[in-house]
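Here is the structure we will look at, set down as C-alpha cells.
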Amino acid sequence: MKRYLFKRLLTGLLTIVIAFVINFLIINLAPGDPIKTLMGKESDDPVLRAALEEKYGLNKPLHIQFFSYLKTAMRGDLGISIIYNRPVADMIAEKLPATILLVLTSGVLSLIIGTAMGIVAARKEGTFIDVLFSGFSYILNSMPSFWLGLMLIIIFSTVLNILPTYGMTDARASYTGMAYVLDVIKHMILPVGTLVLIEIPMYYRIAKSSVLQVTNEDYILTLRATGMSEKKIFNKYIFRNAILPTVTIFGISLAYLITGVSLIETVFAWPGTGRLVLTAINQRDYPTLIGIYLIMSVSIAVVMIVVDIVYAILDPRIRY
Amino acid sequence: MIRTIVNDKQLLFGILGLIFLLLVAVLAPVIAPEDPYYYGPDVLNKLGENGHLLGTNKMGQDIFSMIIHGTRTSLKVAVISAFISGILGMLIGGVAGYFGGQVDRAISEFINIFMMLPTFFLILLIIALFGNSIYNVMVVIGITTWPSNAKLMRAQALSLRERTFVKAATAMGESRLQILFKYIIPNGVFPVIANTTVGMSNAILTEAGLSFLGLGDPNIISWGQMIYDGKAYLTSAWWIATFAGIAIVITVTIFYLLGDGLNHVMNPKRSKGKGV
C-alpha cells in the first residue's frame, strides 16, 4: 500500500512538473517577441534591446529561465492579464467557485443517475429497457455538449419558456437568503442538466459491464446454489463489487468536466472560468489562457491521484 | 468475412454508415443544390422557403448545401488526425512493449503523465497561440491523442514478443528494428485500428468544440462553425445550429458503431460481457 501510494504521488508530481514544462515551452515557442512589444514597433535599438533582455532575464539560457518561471508560478504568481491588467491568479480565483459548483453538482448527479441506469440495464439485460437505455447512451455519447445545451435552450426557454438560460442569477432582481439560493438553482438546471446528460454514458457503460461481469463470477453461482435469494445476492455481493470501478470513472469524469465545462459555461453565460477562457481567446489574452491551463492541469492531477488512492483503499485487490 | 460483418450489427451499421458518409463527401457538389460559399439574397429563410430545404443563414448561404459540404471537413479532420495519432501511438507503444526494460518504464510513465493532462485545453491553447488553420487543428489533435493508442500497442507488443515466431526471428538474426516493423506492429495493430476509429469520433467532436469557441478555420465550412454562427440566432433562426448538430451526431455515431464493431470482431475475447 505504501509503495503504491508513493508511486502514485510521484506520478502526480511529475505530471504537474510536465504541465509546467509544456506551459513554459508554449509561451516560448508562441509567435511574437515580448521585447519587440515592449520597445514598440518603430524602435530597434540594440542597446535598449540588450538592456530589456537583461532586465527580464531573457538573455539567460532556457533552463535558467524555466526555473525562475517555476519559482514565480509556485508563489501563485501566474502573470498579469494583458487585457484587464490584473493578476491572472486573482481573476481565476474569482471565477472558480461558480465553476466548481457546476462541476461537482453535475459530477455527483451523473454518477448516481448513470450508475443506476447501468445497474437496471444489466439486471434486465436484453429487455426493452436495456435496449432503450443503451441506445440513449449511444446517442448521448455522440453529442457535442454545447449543441445539446443549445437544443435544451430552444426546448425549455424558447418553446416552453419555463427556465432561465443566461447567467447564474436574475440580474433584475436582487434576492437574498433562500430566494437567492432558489434563483441560483433555477439557473443551474439547464447547464447541470446538459453536463449530466453528456456524462451519463460513461457511468452507464462501466456500471452495466461491471454488474454483468460480477454476475458471471463463480462465487455468485455458488451463492445461488446455496439457495440465497436473488435480492440478497445482489444487494450484498454484486452491488458492492460492481460499484467499485465507477469510483475511477468519477475521477476521469471530474477531470473531463473541469475542461469540458468551459463550453457549457459559454453556452449559458455562466460566470465561471469557462467565460474567462472565451474572453481570453477572443481578445488574445495569452497570460490568462496559459494560467487557466496550468490551474486545470494541476487540479486534474490532484483529483486523479486522490481518486486512485481512495480506490486503492476501497479495493485492496488493486495494485499496479 | 461477410458473415462476420452481417452478424455484428454494430459493425454492419458502421460500415453502411461510413459508405454513406463517403458518398456524401465525394458527391457533395452533385448533391448540394447550391454553392455553400454563395452569399445569396435569401437571408434567414425558413425551412423550405424559396427552395431552401433547411433554410438559410444570415449571409444567405443554403444550410443544406453547407451541411453536405461540411461532411468533407469532418471526414478530413477525422481521418488525418486519427492517422497521425495512430502512427505515433503504434511506434511509441511498439518500442515500449517490444524493447521493454528501462525504455518501457520511461515511456509508460510518460504515457501515464500525458493521459492525466487536459488534452482539449492543450489543443485549445496551441490553436489559440499558433493560428487556427484546419491543418493546425488536425495535426494538433493527432499529436495530443496518441497515448491511448500507445497503451494498446504496448500491451500487444508485450505479449507478441514472447511468441514463438518472434523468438524464431530473433534466432535467425533479424535486427530488433526489423522485428518491430515486420512482426510486432503488423500483428498487434488491430486493437489500435479499432481505437483509432473511436478516436475519429473524438476528433470530430474536438474540432466542433474548437469552432464553437471561435477557434475554427474561417476559410472552410464546418459543422462546428455553423453551430457557432447559429448560436446568435437561436431564437429567431433555430435551424442554423440544429441541423449542423444533427449531422455531427450522425457522423460521430457512425464512427462509434464502427469502432465498437471492429473491437468485437478483432478482439473476440472481449465481446462477451462488454456492455452497450
Side-chain angles (χ1 to χ4, degrees), chain A residues 11-12 14-15 18-19 22-23 26 29-31 118 121-122 134 137-139 141-148 150-151 153-154 157-158 201 204-213 216 255-256 258-260 262-263 266-267 277-278 280-282 284 286 289-290 292-293 296-297 300-301 304, chain B residues 10 109-110 112-132 198 201 204-215 223-224 227-228 230-231 234-236 238 241-242 244-246 248-257 260 270 272-276:
Chain A
T11 310
L14 265 175
T15 311
I18 296 279
I22 291 179
N23 241 339
I26 288 177
L29 291 175
S134 294
S137 116
Y138 227 97
I139 299 292
N141 207 17
S142 318
M143 262 182 209
S145 56
F146 54 91
W147 179 76
L148 179 61
L150 293 176
M151 293 305 111
I153 290 183
I154 293 182
S157 297
T158 316
Y204 175 78
R205 276 176 179 235
I206 283 292
K208 186 182 163 189
S209 62
S210 102
V211 168
L212 285 179
Q213 197 194 333
N216 288 330
Y256 169 80
I258 291 173
T259 49
S262 302
L263 288 163
T266 309
V267 172
V277 172
L278 192 73
I281 290 172
N282 288 335
R284 297 283 176 261
Y286 300 132
L289 267 187
I290 289 166
I292 294 173
Y293 173 69
M296 279 179 177
S297 317
I300 287 174
M304 293 258 213
Chain B
Q10 285 173 326
E109 188 67 354
F110 192 64
N112 282 339
I113 289 171
F114 227 88
M115 287 188 106
M116 277 171 86
L117 289 169
T119 320
F120 179 70
F121 209 83
L122 180 62
I123 297 172
L124 185 155
L125 197 58
I126 299 176
I127 296 301
L129 284 164
F130 293 86
N132 48 359
V198 177
S201 309
I204 294 173
L205 289 175
T206 305
E207 191 275 329
L210 287 174
S211 298
F212 184 69
L213 287 173
L215 288 170
W223 296 331
I227 300 176
Y228 175 64
K231 196 191 153 204
L234 210 53
T235 44
S236 54
W238 54 272
T242 306
I246 292 174
I248 295 180
V249 174
I250 293 173
T251 310
V252 172
T253 307
I254 287 172
F255 280 111
Y256 274 138
L257 286 171
D260 280 353
R270 278 178 59 194
K272 226 178 161 191
K274 190 175 170 277
V276 182

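It should be emphasised that the depicted structure is a prediction, and the values quoted were computed from it without experimental measurement. By convention in this document, chain letters (A, B, ...) are assigned in the order of the sequence lines, proteins followed by strands, and residues within each chain are numbered from 1.
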Pick from B:Thr251, B:Leu215, B:Ile126, B:Asn112 with the largest number of heavy-atom pairs that fall under 4.5 Å of chain A: B:Leu215
Candidate pair B:Ile246 and A:Trp147, rule side-chain contact (heavy atoms from CB on, under 4.5 Å), full reasoning: CA-CA 9 Å; B:Ile246 292 174; A:Trp147 179 76; 3.7 Å; yes
Residue pair B:Lys231 / A:Thr266: nearest heavy atoms and the distance that separates them: NZ-O, 3.4 Å
B:Phe212 and A:Phe146 aromatic ring geometry - parallel, tilted or perpendicular at 30°/60° bounds: parallel
Part of A:Met151 lying under 4.5 Å from any heavy atom of chain B: side chain
Neighbour count above 12 (heavy atom, 6.0 Å) for B:Phe130 CZ: yes
Contact winner vs chain A - B:Leu129, B:Val252, B:Thr119, heavy-atom pairs under 4.5 Å: B:Leu129
Structural part of A:Ile18 lying under 4.5 Å from a heavy atom of chain B: side chain
Interface residue of largest heavy-atom contact number with chain B, from A:Ala19, A:Ala121, A:Pro144, A:Ala122, under 4.5 Å: A:Pro144
Interface moiety of A:Ile153 toward chain B, non-hydrogen atoms closer than 4.5 Å: side chain
Heavy-atom side-chain proximity of A:Ile22 to B:Leu125 below 4.5 angstrom: no
Part of B:Thr242 lying under 4.5 Å from any heavy atom of chain A: both
Shortest non-hydrogen contact between B:Thr253 and A:Ser142, atoms and distance: OG1-OG, 3.0 Å
A:Met304 versus B:Met115, closest heavy-atom pair with distance: CE-O, 4.3 Å
Proximity breakdown for B:Tyr256 and chain A, heavy-atom pairs closer than 4.5 Å: both
Residue part contacting chain B, namely of A:Val267, when any heavy atom lies under 4.5 Å: both
